[in-house]
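If you read the sequence from its start, that first residue is 1, and numbering goes on from there.
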Amino acid sequence: MTISEQHTQVLIVGAGPSGLMMAAQLLRYGIQPIIIDSKQGPTDESKALGVQARSLEIYRQMGIVDPVLKDGKKAQGVKFSREGKQLADLSFTNVGASQTAFPFIELYPQSKNEKLLLDFLTLHCCPVYWETNLLSLTLAASKVEVKLQNSVQSTQITAEWVIGADGAHSVVRKQLNILFTGDTYDSVFYLADLEMDNSEADDERVGLYLANTGIAGFFPMPGKGRFRVIGNLPDALHKKEHLTLEDLLPDINKVCGFNLNVIRNYWFTTYRLHHRMADKFREQRCFLIGDAAHIHSPVGAQGMNTGLQDAYNLAWKLAGVINQQIKTGILDSYAQERMPVAKNLLKTTDRIFTVIMSNKWYTRLFKAYLLPNLLKYAWGKPAFREEGFKRVSQIGISYRDSAINLHISQSTKIKAGDRLPYLKVYDEKKQEETDLHEWCGKPGFTFIVLGKLTETDLFALARWITQGYSGKLNFYYLPYSAKNRQIFEEFEINPNRAKSLIVRPDMHIGLMNDKVDMVLMDNYLRNVIGVHS
């Protein structure tokens, strides 16, 4: 399929999870991007596996979470073993139940995530131009000149904005001469998607096996007896050509302490791991998201989820600019908010991964004896479990230091920049239960007032929204009631007063004010966010 357009508002280079999410989010705001990929079609390899709660919340907002929950598998916990002996069994049951509608890690392969998003694009009549390469891009004041090549011909088009979602070897990043700083880990790793007949492998828990000779991780996958198995190659096999799973099985068996009974090998590959980050995420009219911007070790199943959130963060801002609703200055906040997240993730995963892979005598002792006991002790503390889930699930990511947030409140537990907490709401009029996240289901900002308002106040707010922000603010009002007491406690609200929130389209709180002040809200929307008058 050949691109017929000569100009597009947004060109997305790369149709992996990040690029597809970017396209899907733009479509929600009525923007039809062009998305290209050099591959022949979507991946049929499982690749990334874990979908975190924050990503599931995004899918829910898009109305596509049900297939993920239906076709995926919930990880119920993680078991640590050493040389066939179980050291620790950490259950995920009910961890995070008060924090999100999805208090678990959903094991749902990258290939299925891509299909899910491709179906969304198809529903909105947005094709992916496969086997199409980016040859060059030239930056101009108000556009980007792009040269593309498919199997038939080369094409020149212009784009107002270009999104580099084309992975670790990003052509967009290279064309922009943006450095990709970092290093490559020494070890070589293997990945195998297997169907097995082994009672030793728990199909509801992640199994982590530690040994002096290496590590192995078993991740349950949807389907009977299906597992993703990953680990490090023994030194003796590093240089072996045409390595097969059969060559490696004796070493895997030794690390695990049992013999794998493989019924079918769906996919086997070897690879090296890198930890790198782009020196900047934006160059004029071009942005980097996902692996094009940062790559790291697979510790904690963070990679794909971080790329999805990059797209989620950028898309509403870019859409606001393209639709002439928000000034272009909002785009500066993408790198301001997402670069610290990527930097912290790289630092954290690198430290953990270095310890896991170290073969020094003191780290072997630590992993064999101290680590399991520390984990069991800490996991017994509810506060540790909750904080651990918050980090791994990515629901704890906050943009409190961002320039596009405004906190005018005495609240200390929840502040502007935080993700809107998942709290149940009882609708007294409809006599049914919902939650704050469901209130944010429509594209755009969500304006929430919690507390006491008079009919006159409500009328004035309705007029203010209609005259200045029609179609830009979705308004919800929640007066105090006994059934909604938890919300008022969490937000530290006096039931006889009112607190106002403006929630960004990405479900992070932009404004929190201890009163309802239309002048201050105007100031926030006009001068902080940059909403056009």
Going by atom types only, do Tyr480 and Arg497 share a side-chain donor-acceptor pair under 3.5 Å?
-> no
side-chain contact (heavy atoms from CB on, under 4.5 Å) assessment of Leu56 paired with Val68 = CA-CA 8 Å; Leu56 294 171; Val68 184; 3.7 Å; yes
Is there side-chain contact between Tyr399 and Asp506, with at least one heavy-atom pair below 4.5 Å?
-> yes
Which atom of Gly50 lies closest to which atom of Leu107, heavy atoms considered | CA-CD2, 4.3 Å
Output yes when a side-chain donor or acceptor of Asn150 lies under 3.5 Å from a complementary backbone atom of Thr132, and no otherwise.
-> no
One should read off an interatomic distance between Lys74 NZ and Phe102 CZ, to the nearest 0.5 angstrom, of 9.5 Å
NZ/Lys143: more than 12 non-hydrogen atoms of other groups inside 6.0 Å | no
Answer yes if the side chains of Asp522 and Trp464 hold a donor-acceptor pair under 3.5 Å, and no otherwise.
-> yes
Locate the shortest heavy-atom distance separating Phe180 from Ala278; write the atom from each residue and the value.
-> CD1-N, 3.5 Å
Are the ring centres of Trp439 and Phe447 closer than 6.0 Å?
-> no
Please check if any side-chain donor atom of Asp310 sits under 3.5 Å from a side-chain acceptor atom of His294, or the reverse.
-> yes
Kindly indicate, with the supporting measurements, whether the criterion side-chain contact (heavy atoms from CB on, under 4.5 Å) is fulfilled by Leu520 and Ile408.
-> CA-CA 9 Å; Leu520 283 172; Ile408 316 171; 4.3 Å; yes
Counting only heavy atoms not in Glu432, do more than 12 fall under 6.0 Å of its CD?
-> yes
Kindly say whether Thr434 contributes a backbone atom to a donor-acceptor pair with the side chain of Asp427 at under 3.5 angstrom?
-> no
Does any non-hydrogen side-chain atom of Leu148 lie less than 4.5 Å from one of Asn133?
-> no
With a 4.5 Å limit on heavy-atom distance, are the side chains of Gln175 and Val171 in contact?
-> yes
Value rounded to 0.5 Å, distance of CG in Leu318 from CG in Asn323 = 9.5 Å
Verify the neighbour count for atom CD of Gln6: are there more than 12 heavy atoms of other residues, nucleotides or ligands below 6.0 Å?
-> no
In terms of heavy-atom contacts, Leu288 and Ala292 come closest through CD1-O, 3.9 Å
Got Lys483 and Arg485 here, is their nearest side-chain heavy-atom distance under 4.5 Å?
-> no
Is Ser136 close to Val146 at the side-chain level, that is, under 4.5 Å between some pair of heavy atoms?
-> no
State, yes or no, whether a side-chain contact exists between Gln410 and Asp514 at a heavy-atom distance under 4.5 Å.
-> yes
Is a side-chain N or O of Thr8 found less than 3.5 angstrom from the main chain of Leu11, in a donor-acceptor match?
-> no
Hey, is Glu337 close enough to Lys317 for a salt bridge, meaning N to O under 4.0 Å?
-> yes
Before giving the answer on salt bridge (charged side-chain N to carboxylate O under 4.0 Å, His left out), spell out for Arg282 and Asp332 the whole-Å C-alpha distance, their side-chain angles and the decisive distance to 0.1 Å.
-> CA-CA 8 Å; Arg282 179 187 181 187; Asp332 294 335; 2.9 Å; yes
Provide the closest heavy-atom pair for Ser18 versus Ile289 in the form atom of the first, atom of the second, distance.
-> O-CD1, 3.6 Å
Test item: Thr466 side-chain N/O and Ala462 main-chain N/O as donor-acceptor pair under 3.5 Å = yes
Using modelled atom types only, decide if a donor and an acceptor are shared between the side chain of Asn305 and the backbone of Gln52 within a distance under 3.5 Å.
-> yes
Short N-O contact, Arg400 and Asp418, less than 4.0 angstrom = yes
Phe488 and Lys499, any side-chain heavy atoms less than 4.5 Å apart | no
Between Trp161 and Phe287, how do the two ring planes meet: parallel, tilted or perpendicular, split at 30° and 60°?
-> tilted
Minimal non-hydrogen separation, Met518 against Ala460, with atom names | SD-O, 3.9 Å
Side chain of His407, backbone of Ser411: donor and acceptor closer than 3.5 Å?
-> yes
Only one of Val503, Asn474, Ile502 forms a side-chain contact (heavy atoms from CB on, under 4.5 Å) with Phe445, so which one is it?
-> Ile502
Spatial distance of atom CE (Met339) from atom OH (Tyr334) [nearest 0.5 Å] = 9.5 Å
Can you tell me if Glu492 uses its side chain to pair, donor with acceptor, with the backbone of Lys413 under 3.5 Å?
-> yes
Thinking salt bridges, do Arg60 and Glu57 make one under a 4.0 Å N-O criterion?
-> no
For the pair Tyr524 (side chain) and Ile404 (backbone), establish whether a donor and an acceptor sit closer than 3.5 Å, ignoring hydrogens and angles.
-> yes
Lys/Arg N to Asp/Glu carboxylate O, Lys390 vs Glu386, below 4.0 Å | no
Say whether Tyr59 and Asn113, considering side chains only, have a donor N or O and an acceptor N or O under 3.5 Å apart.
-> yes
Give a yes or no on this: more than 12 heavy atoms of other residues, nucleotides or ligands lie within 6.0 Å of atom NZ of Lys442.
-> no
Asn513 side-chain N/O to Val516 backbone N/O, donor-acceptor pair under 3.5 Å | no
Judged by modelled atom types alone, do Asp119 and Thr122 share a side-chain donor-acceptor pair under 3.5 Å?
-> no
Salt-bridge contact Lys424-Glu433 (side-chain N to carboxylate O under 4.0 Å) | yes
Any luck finding a side-chain donor-acceptor pair between Ser142 and Glu160 under 3.5 Å?
-> no
Does Gln32 reach the main-chain N or O of Cys125 with its side chain, forming a donor-acceptor pair under 3.5 Å?
-> yes
Rounded distance (nearest 0.5 Å) linking atom CD of Glu283 with atom CG of Leu139 | 6.5 Å
Counting only heavy atoms not in Arg385, do more than 12 fall under 6.0 Å of its CZ?
-> yes
Taking atom NZ of Lys112 as the centre, report whether more than 12 heavy atoms of other residues, nucleotides or ligands fall under 6.0 Å from it.
-> yes
Is there a side-chain contact between His275 and Ile295, using heavy atoms and a 4.5 Å cut-off?
-> no
Tell me, with the steps shown, if Gln325 and Tyr469 meet side-chain contact (heavy atoms from CB on, under 4.5 Å).
-> CA-CA 10 Å; Gln325 294 180 334; Tyr469 303 100; over 6 Å; no
What are the two closest heavy atoms between Ile35 and Ala23, and how far apart are they?
-> CD1-CB, 4.3 Å
Report the distance from atom CG of Leu453 to atom OG of Ser500, rounding to the nearest 0.5 Å.
-> 9.5 Å
Using a distance-only test with no angle check, is there a side-chain donor-acceptor pair under 3.5 angstrom linking Gln61 and Tyr312?
-> yes
Interatomic distance, CD1@Ile448 vs SG@Cys440, rounded to 0.5 Å, equals 5.0 Å
Do Gln309 and Gln394 have a side chain donor and acceptor closer than 3.5 Å?
-> yes
Kindly determine whether Phe104 and Phe92 satisfy ring pair (Phe, Tyr, Trp, His ring centres under 6.0 Å), including the steps that lead there.
-> CA-CA 7 Å; Phe104 44 79; Phe92 293 164; over 10 Å; no
